[in-house]
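One-based numbering, in listed order, for ligands and for the atoms of each.
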Amino acid sequence: MFKSLMGWVDERLPISEFMRTQAVEYPTPKNLNYWWNFGSLALLVLIIQLATGIFLVMHYKPDALLAFDSVEHIMRDVNWGWLLRYMHANGATFFFVVIYIHILRGMYYGSYRAPREILWWIGVIIFFLLMGTGFIGYVLVWGQMSYWGAVVITKLITAIPLIGEGLVVWVWGGFSVGDPTLNRFFSLHYLLPFVLVGLVVLHIWALHAVHSNNPDGIDLEEKDTIPFHPYFTIKDFFGYGVALTIYCYFVFFAPNAFLEPDNYIPANPMQTPPHIVPEWYFLPFYAILRSIDFLGPYSKLAGVVAMVAAIAILFVLPFLDRSPVRSFRYRGISKGLFWIFVVDCFVLGWVGFSPADRMVFGLPIVYIGRTATAVYFGYFFLLWLVTALNIEKPKPVPKSL
Ligand code: HEM
């Protein structure tokens, strides 16, 4: 009966055929390592965020007078509300851990290189949107850090010449961050995840059009691939098991490890917290923003440009890397630069977390911030230089697996 029902559906919508070619028999490189688990992990976290978010909205009030209390109501009165909220808040942290590893994997194995440029660009757009969604979601709690974070970040708009001052009033819906701001942020925080879902569909479509890259970064023949099911379904589910164990540890045993204590104080526009810090996943970019402080009246604008450029530069990465070889496995200099880049991102994160007046070895921390910012952009410049001038001599690459 099931077979005949499926046959009836397939004649009208060939779903079995689609599943067979795209998920079951889909040819997948047989040498993919565990770094290739992070795409499907990102998908899992997106689903967790959507599912918990929809139930949170049933009890949340996007009103400046009620928002903070409604979150407390969720935590204390709503059945399993604490679980929904902790899953959602820690899910955001988890999402960024997964996405950062997913992006770095792509950078190390040259997955951004031809013919995967469009796949990569869709990824960069997803990353931008994810940051926006994370930021406005954090504001919804309407605690001290939510409020002042929103003030600091939205005020960056004023750096835009001529229209900045008018634009920020338009974004706020008033003359300061307030109830209309919260309302529109809420509306967008509900909308953007669905835009993300659409982009993820495009992302996977683009992936299936060009097929997965692999750790050797070589173009594979038919004999080097194996069917996605059962080999990679089982591997993805194993990855889910490991990742969910870590996630559940935080949700159940250390739910506030990544949450800011100041955000348990209701938003107070009359009292600025002594030390405003964004969520950990924005810290490297926040450090870049604050590092450009030596251009007098242009510092703010230059800081904003540098911060946006730090992500936007990923768009041109496919053109900067001119090596004949994709994977950094075979590229000594690129590999060295890559690891310096990774360490540098941690340094930037630490600088972003530190108070601006902190001294390190008798020097203001901003000096370290400036150096780390130069190293960040230096990575992209040097990658272009060593590959364009053929300075790097890659090791021999295997023809097939
Ligand atoms: C919601 C966010 C995202 C989801 C759900 C997602 C999902 C996926 C999935 C399922 C794969 C195939 C499995 C794998 O290769 O790991 C993949 C591959 C890929 N993703 Fe993403 N992705 C997301 C964000 C991003 C971002 C932000 C970037 C880059 C800026 C990116 C770049 C790539 C690339 C280049 C590949 C191909 C990798 C290869 O074949 O070597 N993705 N993604």
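- Using cut-offs of 30° and 60° on the angle between ring planes, the pair Trp384 and Phe381 is tilted.
- When hydrogens are left out, the protein atom nearest atom 25 (C) of ligand 1 is His102 CD2, 3.3 Å; that is the closest non-hydrogen contact.
- Between the CG atom of Leu32 and the CZ atom of Phe228 there is a distance of 9.0 Å, given to the nearest 0.5 Å.
- The aromatic rings of Phe252 and Trp82 stand perpendicular to each other, their planes meeting at an angle above 60°, with 30° marking the opposite boundary.
- Among all non-hydrogen protein atoms, the one lying nearest atom 12 (C) of ligand 1 is Leu207 CD2, 3.3 Å.
- Comparing Ile118, Val200, Val201 by heavy-atom distance to atom 1 (C) of ligand 1, the nearest is Val200.
- For the pair Thr158 (side chain) and Lys155 (backbone), a donor-acceptor distance under 3.5 Å is present.
- Note on ring orientation: taking the six-membered ring where Trp is involved, the planes of Phe285 and Tyr376 are perpendicular (angle over 60°, cut-offs 30° and 60°).
- Where the criterion is an N or O separation shorter than 3.5 Å, residue side chain and backbone included, Trp36 meets it with respect to ligand 1.
- Nearest protein heavy-atom neighbour of atom 9 (C) of ligand 1: Gly39 CA, 3.5 Å.
- Proximity of Leu119 to ligand 1, defined as any heavy-atom pair under 4.0 Å, is confined to the side chain (atoms from C-beta onward).
- Closest protein heavy atom to atom 40 (O) of ligand 1: Asn213 N, 2.8 Å.
- Contacts between Ile99 and ligand 1, counted as non-hydrogen atom pairs separated by less than 4.0 Å, involve the side chain only.
- Between the side chains of Tyr330 and Asp216, at least one donor N or O sits under 3.5 Å from an acceptor N or O.
- Within the 6.0 Å centre-distance limit, the rings of Phe253 and Tyr249 are counted as a close aromatic pair.
- Under the 4.0 Å criterion applied to side-chain N and carboxylate O atoms, Asp293 and Arg370 are assigned as salt-bridge partners.
- For His211, no heavy-atom contact with ligand 1 is shorter than 4.0 Å.
- With hydrogens left out, the protein atom closest to atom 32 (C) of ligand 1 is His203 CE1, 3.5 Å, a heavy atom.
- Of the heavy atoms in Phe95, only side-chain atoms (C-beta onward) come closer than 4.0 Å to ligand 1.
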